[in-house]
Structure formats: structure tokens, C-alpha cells
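Below: one structure, written as C-alpha cells.
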Amino acid sequence: MSNATVNVRLTAMGTSQEPVVRRFTADEALRMVELGIIGEDEHLELLDGVLVEMSPQGTEHAEAIANLDDRLRAAYPGARRIRPQTPLALGKYDLPEPDFAVVRAEPGTFRRRHPTGPETVLVVELAWSSQGRDRRKAALYAAGGVEVYWLLDLAARTLEVRTAPADGAYQVTRVLAEDDVVELPETEVRLAVRELLP
């Protein structure tokens with residue numbers, strides 16, 4: 001039902017006020033999972049208090065995830081954990097599930113909680129058709145204290161590197177082409193962007 005339809009119905013009922021939208025907190029969303037209201041296998045993430053359905057992965061997206069998983073695990077041995085498609089606790093109303101989060105932690109650190117932005121070395125989103133939404137999510141990652149955010153654009157075959165978060169936005173954005181080289185944060189590993197692509 002569209003907002004216009006809702007407004008027409010409310011006006012017909014004698015009110016012209018917009019309906020109040022109830023945002024969910026991260027704690028409420030996690031409790032809904034615990035109670036089985038939201039299934040653990042449902043592909044949802046909490047963005048600004050709204051449960052948003054995540055798109056299914058196409059074959060190129062899935063292959064890019066497998067490739068990048070190999071690259072990240074090789075680059076981050078030891079006290080860094082590679083967390084594919086798991087939540088980050090970024091605030092009262094935000095539990096995004098990026099394609100990858102590289103976090104500072106020993107095994108077992110996140111048995112009872114999700115990592116936070118300041119514990120995160122790097123967040124990576126891969127986009128075939130979700131570039132707009134993934135660019136909007138950059139503000140959540142910046143506000144949550146994630147130092148480095150990558151958007152790997154599979155369609156354009158580019159890598160957007162965002163750094164220097166301040167006031168809810170990344171202050172520096174670089175767009176790298178396939179032949180450009182990127183350094184993985186907190187490592188000496190340098191890779192050509194084409195090595196991250198399927």
C-alpha cells in the first residue's frame with residue numbers, strides 16, 4: 001500500500017496527520033530473532049530502525065564473494081576475523097549486514113555480541129545492482145565509526161574507497177579502476193582492483 005493510499009484512507013477517517021512510523025531498535029530486532037518472529041535464515045538487515053530485505057545473490061555476486069573471502073583471509077591472519085554477511089552493531093537503530101567486515105578480535109570474542117564500528121578494520125559491500133543503497137549505507141558505517149568502507153561495484157568494475165569518517169560521512173572518497181592498486185588497511189598487502197573482481 002502506498003503512502004498516498006494510506007493518506008487518503010486516513011483523511012477519509014477524519015484525520016489529515018501522517019501516520020507515525022514505529023522504528024525498531026537493534027535490541028528489539030535481535031529479540032525478534034531469538035523468539036522466532038524473524039527466522040535466522042531470513043535475509044534482513046536493520047537500517048535506521050527499518051527491517052530491509054536483502055537482495056538474493058546472482059552467480060557473479062556469489063563468485064565475487066568467494067574470491068574476496070580468499071583474498072581477505074590470506075591478507076588478515078591472526079588477530080583479525082573475517083565476518084561475511086553478519087551484523088555489525090552500529091547504533092541503537094542499525095544492524096547492517098555487510099558482505100564483509102574485517103574486525104579486530106580473537107576467536108570467541110563475539111560469541112555473545114556483534115562487533116561495533118570501532119572494532120572494525122574494513123567493511124566491504126559488493127554491488128551488482130544495489131549501488132544506490134550501498135552508497136547510502138556509507139553514512140551508517142561512517143557514523144558507526146568504521147574507518148574504511150569499500151564499495152566494490154561489480155557492474156562498473158571499480159572500487160570506491162571511503163576513509164576519514166567524521167560527522168556521519170566519509171571525508172575522502174577515491175574511485176579506483178581495474179588497473180589501480182589498493183592497500184588493505186592495517187596490512188602491507190597491495191592488490192590490483194581486478195584481483196578483487198570475479
Side-chain angles (χ1 to χ4, degrees), residues 45 54 57-91 94-128 130-131 133-198:
E45 59 185 340
M54 298 166 69
Q57 292 179 16
T59 55
E60 281 199 62
H61 191 120
E63 181 61 21
I65 292 224
N67 178 54
L68 190 53
D69 189 63
D70 291 342
R71 301 283 183 190
L72 291 175
R73 289 184 194 283
Y76 290 101
R80 302 288 183 270
R81 305 285 293 170
I82 311 304
R83 294 175 52 97
Q85 301 172 330
T86 57
L88 283 179
L90 295 187
D94 296 302
L95 271 176
E97 295 192 18
D99 286 312
F100 287 98
V102 179
V103 298
R104 298 175 193 92
E106 298 295 331
T109 301
F110 302 115
R111 201 172 280 134
R112 298 206 183 335
R113 67 179 180 88
H114 293 300
T116 63
E119 294 171 303
T120 306
V121 175
L122 169 68
V123 161
V124 185
E125 294 281 10
L126 286 76
W128 185 255
S130 61
Q131 292 86 342
R133 183 169 78 181
D134 290 331
R135 287 185 182 109
R136 287 190 299 275
K137 285 169 68 174
L140 298 178
Y141 296 129
V146 174
E147 289 293 320
V148 181
Y149 172 54
W150 287 3
L151 173 57
L152 186 59
D153 188 328
L154 303 176
R157 300 188 68 77
T158 59
L159 177 67
E160 294 179 19
V161 178
R162 297 174 190 261
T163 56
D167 301 321
Y170 288 103
Q171 304 304 304
V172 178
T173 300
R174 295 180 300 138
V175 179
L176 305 179
E178 285 186 71
D179 292 333
D180 292 327
V181 172
V182 65
E183 185 172 312
L184 280 79
E186 298 187 7
T187 76
E188 294 181 9
V189 176
R190 295 169 56 84
L191 295 172
V193 171
R194 80 167 68 82
E195 296 179 77
L196 306 175
L197 293 161

Nearest-0.5 Å distance, CG of residue L90 to OG1 of residue T120: 7.0 Å

I need the full list of salt bridge (Lys or Arg N to Asp or Glu O under 4.0 Å) pairs touching residues 137-160, with sequence neighbours left out, sorted by first then second residue. E45-K137, E125-K137, R135-D153, R135-E160, R157-E178, E160-R162

Could you tell me which non-hydrogen atom of R83 sits nearest to which non-hydrogen atom of H114, and how far apart they are? NH2-ND1, 3.7 Å

Heavy-atom side-chain contact between P165 and Y141 under 4.5 Å: no

Do you know which two heavy atoms are closest between W150 and E183, and how far apart they sit? CZ2-O, 4.0 Å

Distance col, row S130:OG vs L151:CG, nearest 0.5 angstrom, shows 7.5 Å

Least distance between heavy atoms, R104 atom then P118 atom: NH1-O, 2.8 Å

How many angstroms lie between atom OG1 of T59 and atom CD of E63, to the nearest 0.5 angstrom? 8.5 Å

Does A169 offer a backbone N or O that forms a donor-acceptor pair with the side chain of Q171 under 3.5 Å? yes

I'd like to check the side chain to side chain donor-acceptor pair (under 3.5 Å) partners of R113; sequence neighbours left out, ordered by chain and number. E119

Would you check, one step at a time, whether the test side chain to side chain contact (heavy atoms under 4.5 Å, CB included) holds for T158 with V193? CA-CA 7 Å; T158 59; V193 171; over 6 Å; no

Hey, can you tell me if Y149 and Y170 have their rings parallel, tilted or perpendicular (30° and 60° cut-offs)? parallel

Gap separating the CD1 atom of I82 from the CG atom of D70, nearest 0.5 angstrom: 11.0 Å

L126 to D134 - nearest heavy-atom pair and separation: O-OD2, 3.9 Å

Find out whether P185 and L122 are in side-chain contact, i.e. whether some heavy atom of one side chain is under 4.5 Å from a heavy atom of the other. yes

V103/T109 under side chain to side chain contact (heavy atoms under 4.5 Å, CB included): CA gap, chis, key distance, verdict: CA-CA 10 Å; V103 298; T109 301; over 6 Å; no

Shortest non-hydrogen contact from F100 to I65? CZ-O, 3.3 Å

Value for CG (L184) from CZ (R80), rounded to nearest 0.5 Å, stands at 12.0 Å

What are the two closest heavy atoms between T187 and V189, and how far apart are they? OG1-N, 3.0 Å

Euclidean distance, D99 CG relative to L152 CG, rounded to 0.5 Å: 9.0 Å

Hey, is the main chain of A177 close enough, under 3.5 Å, to the side chain of D180 for a donor-acceptor pair? yes

Is a side-chain N or O of D179 found less than 3.5 angstrom from the main chain of A192, in a donor-acceptor match? no

In sequence, state the C-alpha distance, the side-chain angles, and the governing distance for V148 and V121, and then conclude on side chain to side chain contact (heavy atoms under 4.5 Å, CB included). CA-CA 7 Å; V148 181; V121 175; over 6 Å; no

